[in-house]
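Data first, discussion second: the structure below is written as structure tokens.
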Amino acid sequence: MSAKPSPPPAAGRAGMRKELPEHFKAYRHVWVFVEYEHGAIHPVSLELLGEGRKLADKLGVELAGILIGGTREALLAAAGECFEHGADSAYLVADKVLEHYRNQPYTKALTDLVNTYKPEILLLGATTLGRDLAGSVATTLATGLTADCTELAIDEERSLAATRPTFGGSLLCTIHTLNFRPQMATVRPRVMAMPKREAGRTGQIVEHPLNMAEEEIVTKVVRFLADRDSNKAQLAYADIVVAGGLGLRSAENFQLVKDLARVLGAEYGGSRPLVQKGWITADRQIGQTGKTIRPKLYIAAGISGAIQHRVGVEGADMILAINTDAGAPILDFAHLAIVADALEVLPALTRAFSRRLSVNRLAG
Amino acid sequence: MHIVVCIKQVPDSAQIRVHPVTNTIMRQGVPTIINPYDLFALEEALRLCDRLGGEVTVLTMGPPMAEDSLRKALTFGAERGVLLTDRFFAGSDTLATSYALSCAIKKIGEAWGPVSVVFAGKQTIDGDTAQVGPGIATRLQLNQLTYVAKINEIDEEAGTVEVERRAEGGVQVLSTRLPVLVTMLEGCNEMRRGSLTHALRAASADITVWNAEAAGVPDVGSCGLRGSPTVVKRVFAPTPRAEKAEEIGRAGMSHEELAEAAIDELFARHPTIEADLRDFAATSQEEWR
Ligand SMILES: Cc1cc2nc3c(=O)[nH]c(=O)nc-3n(C[C@H](O)[C@H](O)[C@H](O)COP(=O)(O)OP(=O)(O)OC[C@H]3O[C@@H](n4cnc5c(N)ncnc54)[C@H](O)[C@@H]3O)c2cc1C
């Protein structure tokens, strides 16, 4: 079996004690675990660098990107991208056993780095990789981890205040890791804004060895089957999203949403009940238990705007709601509303947009 | 094969209301259910036993009334239920929860035979952290398989297992050695109906109830509030947005007119959307040629 160090037991009423234990006072700087797979950085990591930059500035410390992967050259290139997105330094662990994500060697790489360089804050994307890794790392380090945060701040006592929805989004709670370091948090893709890229910005690179042989790693990657439908990944990053809810009344009517999306070059999605009814697939669900989106334009047809839906779309620049009920909660946070039957308005919008866009093309 | 499935009893959050003045959860009278994500894990465990033989032990940590969720699990065909309940466990965060559960799993292995697979749901609907599974794996040094969509093969004699795991941008096919911790992806199977025989047995079954001592927890200081590094400092309701949506159009407008008015307003407020759309329309029409 793998030789993971078992976490030391927490002593006393540790979580509630006021003063940070002496040995944690040396912990400094903000780290972002940068997810690098299949030759690219996951956008959520760049979003976290943007957010990490703000926290580091508030604390007056440095921001570092943590890169773990199979080839040194690739990680060096990725480090450059981290610098251009706000990192002051990058810690690299390059080893061919790290080519594909596996929990055991990645946990070792990250915990070794933390134990050696002692960051006060460690942020990860709440992706399937980030969540798999964060839970193991936090347990091994015996520190606190707050999942799926929607807001990060630093309080008067230099403590990370991590706010997240709880009880299905009906409430928010702010969580602190007072007496342990690092303070760990995960954030879902698109919850934080993408920082502006500063071309030519550079930083310092620190390389660290893994010291683990393939024979020590129990789990093997047999194959990787890339998704054929690349749309799955694109919904979260689309500039325009058209979505439907139960107000559309039938699976057939959902075609009206797809038609409008096609004319706009948009992605489409829906509320959770549509997934439960099988009108759309689960990867198209928008909201707290689905995708968080941050498009320039979000068109929501026949969606009431329940809090669990709302938290997934609030980052949109412009929300246009189509709803027969002028009292629907979605009108409380949409910017524009058409109070009418979506089954009529959707095709009218599809026609109107096609007219405008083709006329503009001829005129232009 | 001996399989442990960790489940959690949660309030049916579709029915949770927040007190408008005190901002506290009004739990009174809210029915409880087995965390929906855990049912995929339970079903998968039962299927493995159907196929390969063996038994399922369901484990939960919670207040005494969490016994109901174990009984419910027995109606689907689980062999036994273990309830971990003690005042020392109250207020546990994910680190403390995974500590208590891993102690109990060790004890379950001693009592009813070595455990080959520990299942957990992908996440819970109330805490929604997805961290307890990895926490258990780390503590018990089980090979960790999260977001599993399919178990391709499991060979108890050879001690091997192959699964398909949902990863970013694709599916990872992983092979590893038993014992493992598996968290199941939602929608990967459908929970069976409970049978009458199982229901009758569940109604009268003895649920094993363990406190910290009985579960062999060596250090109660690592449990509950004391063993939890995270502290909830504030709970509050989301702030409503100040302005309401501007309603487009006037009474008596046709749908066509409403659509035109909406586009006018949209382009006026957000000119880059118009520019983007024109670019898109131009390139897509070129492609058609
Ligand atoms: C733990 C938990 C997690 C959840 N996660 C999510 C999530 O991630 N995403 C999500 O979306 N939901 C989620 N939900 C569900 C959420 O609470 C709501 O039930 C759901 O969003 C409602 O979907 P809806 O708006 O499509 O349907 P409804 O609430 O039924 O609303 C339908 C709307 O359509 C309008 N309408 C009716 N007819 C027409 C018409 N002809 N034209 C125009 N409008 C019409 C109605 O006025 C109404 O506003 C979650 C719930 C829980 C408990």
Side-chain angles (χ1 to χ4, degrees), chain A residues 1-2 4 9-11 13 15 103 127-129 131-132 135-136 139-140 143-145 147 167-168 170-178 180 218-227 233 239 265 282 296-297 318 321 331-340 344-345 348-349 352 357 360-361, chain B residues 13 16 18 25 98 126 129-131 134-135 138 141 143-144 146-147 166-177 187 219 221-222 226-238 240-241 244-248 255-256 258-260 262-263 265 270 273 276-278 280-282 285:
Chain A
M1 289 260 29
S2 57
K4 286 176 199 162
R13 212 178 155 72
N103 179 270
T127 60
T128 55
L129 192 166
R131 286 173 153 194
D132 187 89
S136 309
T139 309
T140 309
T143 191
L145 166 58
F167 284 100
S170 21
L171 283 178
L172 297 169
C173 61
T174 303
I175 296 176
H176 292 249
T177 297
L178 291 179
F180 296 86
V218 184
T219 301
K220 309 290 175 194
V221 179
V222 181
R223 279 188 298 283
F224 183 79
L225 314 162
D227 290 332
D239 277 339
K296 291 180 183 158
L297 173 61
M318 180 67 62
L331 271 71
D332 295 339
F333 61 93
H335 303 84
L336 300 173
I338 303 178
V339 180
E344 301 281 355
V345 174
L349 277 172
L357 296 172
N360 274 330
R361 195 187 71 88
Chain B
S13 68
I16 279 190
V18 176
I25 304 273
S98 70
D126 58 345
T129 65
Q131 288 156 18
T138 305
Q141 304 196 2
N143 292 307
Q144 174 171 322
T146 56
Y147 303 100
R166 163 81 357 227
E168 295 300 312
V171 172
Q172 256 186 339
V173 182
L174 295 176
S175 82
T176 194
R177 298 195 61 78
D219 173 26
S222 293
R226 288 208 285 172
S228 300
T230 59
V231 178
V232 179
K233 275 213 168 167
R234 196 162 85 95
V235 179
F236 56 104
R241 226 174 72 101
K244 285 198 69 154
E246 180 182 320
E247 207 179 306
I248 305 274
H255 293 114
E256 226 64 30
L258 280 173
E260 290 288 349
I263 297 174
E265 187 62 35
H270 205 319
I273 291 180
D276 289 352
L277 281 173
R278 279 208 210 141
F280 165 73
Q285 300 211 350

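Values below: all heavy atoms of this structure, side chains included; hydrogens, waters and symmetry mates excluded. Lettering of chains follows the sequences in order, A, B, ..., and the numbering in each one begins at 1. All figures in this text were calculated on a predicted structure; none of them were measured in a lab.
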Quiz item: So what's closer than 4.5 Å to chain B heavy atoms on A:Thr127: side chain, backbone, both or neither?
Solution: both

Quiz item: In terms of heavy-atom proximity below 4.5 Å to chain B, should A:Ala282 be classed as side chain, backbone, both, or neither?
Solution: neither

I need the minimum non-hydrogen distance between [X] and [Y], along with the two atoms involved.
X: A:Phe224; Y: B:Ala167; answer: CE1-CB, 4.2 Å
X: B:Leu174; Y: A:Val222; answer: C-CG2, 4.2 Å
X: B:Glu168; Y: A:Thr128; answer: OE2-N, 2.9 Å
X: B:Val235; Y: A:Cys173; answer: CG2-CB, 4.0 Å

With chain A, which of [options] has the greatest number of heavy-atom pairs at distances under 4.5 Å?
options: B:Ala262, B:Ala259, B:Ser175, B:Pro134; result: B:Ser175
options: B:Glu247, B:Lys233, B:Gln172; result: B:Lys233
options: B:Val171, B:Thr146, B:Ile248; result: B:Val171

Self-check item: Atom group of B:Ile273 that falls short of 4.5 Å from chain A, counting heavy atoms
Solution: side chain

Self-check item: Pairs of heavy atoms under 4.5 Å with chain B: top-ranked of A:Leu349, A:Val221, A:Ile175, A:Asp132
Solution: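 Going by pairs under 4.5 Å, I would pick A:Asp132.
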
Self-check item: Separation between CZ of B:Arg234 and NE2 of A:His176, rounded to the nearest 0.5 Å
Solution: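 Output value for this atom pair is 9.0 Å.
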
Exercise. Quick one: pull up OG1 in B:Thr138 and CD in B:Gln131 and give me the separation to the nearest 0.5 Å.
Key: 11.0 Å

